[in-house]
Undergrad: 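Could you have a look at this structure, given as structure tokens, before my questions?
Please read all numbers here as calculations on a predicted model, not as lab measurements. Order of appearance sets the numbers: ligands from 1, and atoms from 1 within every ligand.
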Amino acid sequence: MSADRELSEETRLIHLGRSQPMEGVRPVSPPVVRTSTVLAPDIATMRANKARREDGSRVFSYGARGTPTNHALEEAWAALEGGERALLFPTGLAAIAHVLLTCLLPGSHVLIQNTVYPQVHAIRSKFLEPRGIASTYFDGTVEDAAAKITPATRMIYAENPGSWVYDLIDVKALSTLAHDHNALLVIDNTWASGLLHKPLLHGADISVIAGTKYVVGHSDVMIGAVVANGELGRELWRMQVVMGQTVSPDDAWLTLRGLRTIAARLPIHAASALGIARFLQGHPLVERVLHPALDSHPRHDLWRRDFSGSNGLVTIGMRPDIDLSAVDRFVDTLRLFGIGSSWGGFESLALPQAPETVRGWTGPGVPVRLHIGLENPADLEADLARGLAAIG
Ligand SMILES: *Cc1c(COP(=O)(O)O)cnc(C)c1O
């Protein structure tokens with residue numbers, strides 16, 4: 001690969017983490033290397049590999065430390081996020097837990113954005129608090145974080161944008177605040193999946209991503225990643241070895257396959273979602289529509305400044321006089337929208353939720369989260385129109 005100009009991201013995603021030659025030629029994708037034991041030619045090589053590993057280097061030395069399949073994905077994922085090192089975890093939640101458990105010591109304090117992925121609240125109450133790690137919620141703004149940060153704060157943990165309501169945060173300003181207080185800024189970057197936003201390039205210290213969503217893109221693998229630079233990246237890796245966290249090479253292989261096409265898939269999700277968001281904005285049964293690419297989004301300015309695109313998630317708030325059971329009927333009537341959690345696959349999904357259970361949700365109307373898949377958007381719009389007519 002040689003070029004006079006810097007290659008665009010779409011092109012780099014095709015060439016990253018590719019296979020090595022074998023028998024003088026090479027397959028398109030790296031092979032799935034499955035092994036526990038890794039055989040060295042002699043004791044000296046084995047010892048040298050172990051020493052390099054302890055130093056924080058990535059070495060093919062034992063199945064749990066990752067095989068060349070995992071390493072190819074790590075290399076590609078780090079490049080996608082603009083970071084030096086990517087670590088793989090069995091789920092997005094495991095990646096989040098690893099960061100919280102290894103970076104926070106008893107006696108320290110963490111500021112947590114209110115609208116982060118719901119399971120983070122369980123880590124907070126069931127794991128951090130009983131072990132003497134204090135936490136405070138903040139609303140995602142720098143002003144609120146500055147008012148609540150304490151001398152014990154070692155981390156600001158946020159999601160950009162937050163789950164369900166897509167509240168956008170100013171990563172640059174939050175990173176300045178965190179670093180002034182000797183704290184880390186950790187961003188859950190699942191919404192942008194590396195392609196649309198790169199927190200490390202805006203001053204964050206750690207990016208965590210649920211690859212389960214758009215990176216995999218086909219709803220058939222659970223995987224997470226942590227991306228960080230320098231000594232922090234090496235320390236997170238050493239702790240990953242301590243904790244025995246690893247990912248199957250089969251899952252790494254499928255994720256690498258998903259990663260190849262993310263730059264082709266996301267713009268389709270985004271264009272269809274924006275069209276459907278505008279259609280729903282004009283519908284009499286829908287009170288509001290949340291999607292960062294809409295001009296009406298509260299922090300549309302931050303999305304324009306820090307993101308290169310959008311995705312397929314749209315949350316609608318139904319008119320307040322339509323109760324949850326009517327909304328459930330609407331969703332049950334849809335033919336093209338699957339009913340289930342998660343998102344980021346090729347198919348569309350719809351998920352209603354009781355308003356009081358959605359953090360950051362303000363209006364009384366019932367929220368429904370839509371994931372717009374890769375179907376023809378006219379078919380999806382007709383399905384939604386029919387479903388709304390059934391309860392209207
Ligand atoms: C889904 C999700 C996770 C968790 O990922 P899993 O792979 O399902 O554990 C974490 N953060 C965000 C923002 C998510 O949407």
Side-chain angles (χ1 to χ4, degrees), residues 73 77 81 86-101 112-124 126-127 140 155-169 171 185-199 204 206-227 240 243 245-248 250-252 254-255 258-259 262 266 269 273 290-292 303 307 310-315 338 340-345 347 349-351 353 357-361 367 369-373:
L73 174 61
W77 211 330
E81 286 274 334
L87 312 175
L88 305 178
F89 291 85
T91 62
L93 183 58
I96 295 168
H98 185 75
V99 169
L100 294 171
L101 271 52
I112 302 176
Q113 184 190 0
N114 188 34
T115 53
V116 292
Y117 178 69
Q119 289 300 319
V120 175
H121 306 298
I123 299 180
R124 171 192 193 253
K126 295 187 169 43
F127 191 92
M155 181 188 290
I156 300 180
Y157 180 90
E159 191 175 307
N160 198 21
S163 288
W164 281 80
V165 293
Y166 321 120
D167 48 332
L168 286 140
I169 59 170
V171 175
L185 177 63
V186 180
I187 300 291
D188 182 330
N189 193 31
T190 301
W191 190 93
S193 290
L195 190 76
L196 310 173
H197 176 61
K198 301 178 197 299
I206 299 175
S207 181
V208 295
I209 313 98
T212 309
K213 309 285 168 56
Y214 282 119
V215 177
V216 165
H218 296 75
S219 311
D220 51 9
V221 178
M222 302 292 308
I223 197 164
V226 171
V227 184
Q240 183 175 37
M243 305 286 207
Q245 287 278 25
T246 194
V247 156
S248 141
D250 297 283
D251 289 344
L254 281 166
T255 306
L259 197 76
I262 190 172
L266 266 175
H269 287 285
L290 294 175
H291 179 74
W303 174 77
F307 289 70
S310 180
N311 71 17
L313 287 171
V314 177
T315 300
S341 44
S342 201
W343 42 268
E347 87 279 53
L349 302 169
L351 194 66
Q353 195 93 307
T357 64
V358 175
R359 283 173 176 267
W361 188 251
R369 187 183 67 196
L370 301 175
H371 175 252
I372 304 305

Undergrad: Would His197 and Asn189 count as a side chain to side chain donor-acceptor pair (under 3.5 Å) if you check the C-alpha gap in whole Å, the side-chain angles of each, and the deciding distance to 0.1 Å?
TA: CA-CA 8 Å; His197 176 61; Asn189 193 31; 4.8 Å; no

Undergrad: Does the ring center of His98 lie less than 6.0 Å from the ring center of Phe89?
TA: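 Centroid distance His98-Phe89: below 6.0 Å, so yes.
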
Undergrad: Using a 4.5 Å cut-off on heavy atoms from C-beta on, say whether the side chain of Trp164 contacts that of Thr115.
TA: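 The answer is no, as the side chains (C-beta and beyond) never meet within the 4.5 Å cut-off.
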
Undergrad: How far is atom 6 (P) of ligand 1 from the closest protein heavy atom, and which atom is that?
TA: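 Nearest neighbour among protein heavy atoms for atom 6 (P) of ligand 1, to 0.1 Å: Gly92 N, 3.4 Å.
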
Undergrad: Suppose I only count heavy atoms of Met222 and a 4.0 Å limit; which atoms of ligand 1 are within that range?
TA: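 Within the 4.0 Å cut-off of Met222, ligand 1 contributes 6 (P), 7 (O), 8 (O).
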
Undergrad: Measure up the Trp191 and Phe307 rings against each other and bin them: parallel (under 30°), tilted (30 to 60°), perpendicular (over 60°).
TA: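 Judged by the thresholds at 30° and 60°, the geometry between Trp191 and Phe307 is perpendicular.
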
Undergrad: Just which atoms of ligand 1 are under 4.0 Å from any heavy atom in Glu159?
TA: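 Answer for ligand 1: 13 (C).
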
Undergrad: Flag the pair Ile96 / Val120 as yes when at least one side-chain heavy-atom distance between them is below 4.5 Å, and no otherwise.
TA: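 Touching, per the 4.5 Å side-chain cut-off.
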
Undergrad: Quick one: do Gln113 and Asn160 satisfy side chain to side chain donor-acceptor pair (under 3.5 Å)? Show the steps, please.
TA: CA-CA 10 Å; Gln113 184 190 0; Asn160 198 21; over 6 Å; no

Undergrad: Below a 4.0 angstrom heavy-atom separation, can you tell me which part of Trp191, side chain or backbone, both or neither, approaches ligand 1?
TA: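 For Trp191, no heavy atom sits under 4.0 Å from ligand 1.
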
Undergrad: Quick check: does Thr212 get an N/O under 3.5 Å from an N/O on ligand 1?
TA: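 Yes, since at least one N or O of Thr212 sits under 3.5 Å from an N or O of ligand 1.
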
Undergrad: Using heavy atoms and a 4.0 Å limit, tell me yes or no: is Ile96 in contact with ligand 1?
TA: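 Under 4.0 Å: yes for Ile96.
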
Undergrad: What atoms of ligand 1 come closer than 4.0 angstrom to any heavy atom of Trp343?
TA: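 Listed by number with element: 15 (O).
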
Undergrad: Going by heavy-atom distance to atom 11 (N) of ligand 1, choose the closest among Asp188, Thr115, Leu93.
TA: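 The option holding the nearest heavy atom is Asp188.
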
Undergrad: Can you tell me the protein heavy atom closest to atom 5 (O) of ligand 1 and the distance?
TA: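 Looking at atom 5 (O) of ligand 1, the protein heavy atom closest to it is Ala210 CB, 3.2 Å.
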
Undergrad: Are Tyr214 and Trp343 close enough, and set up right, to give a ring pair (Phe, Tyr, Trp, His ring centres under 6.0 Å), and what steps lead you there?
TA: CA-CA 8 Å; Tyr214 282 119; Trp343 42 268; 5.6 Å; yes

Undergrad: Below 4.0 Å, non-hydrogen atoms only: which portion of Lys213 touches ligand 1? Side chain, backbone, both or neither.
TA: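 Contact part for Lys213 vs ligand 1: side chain (C-beta onward).
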
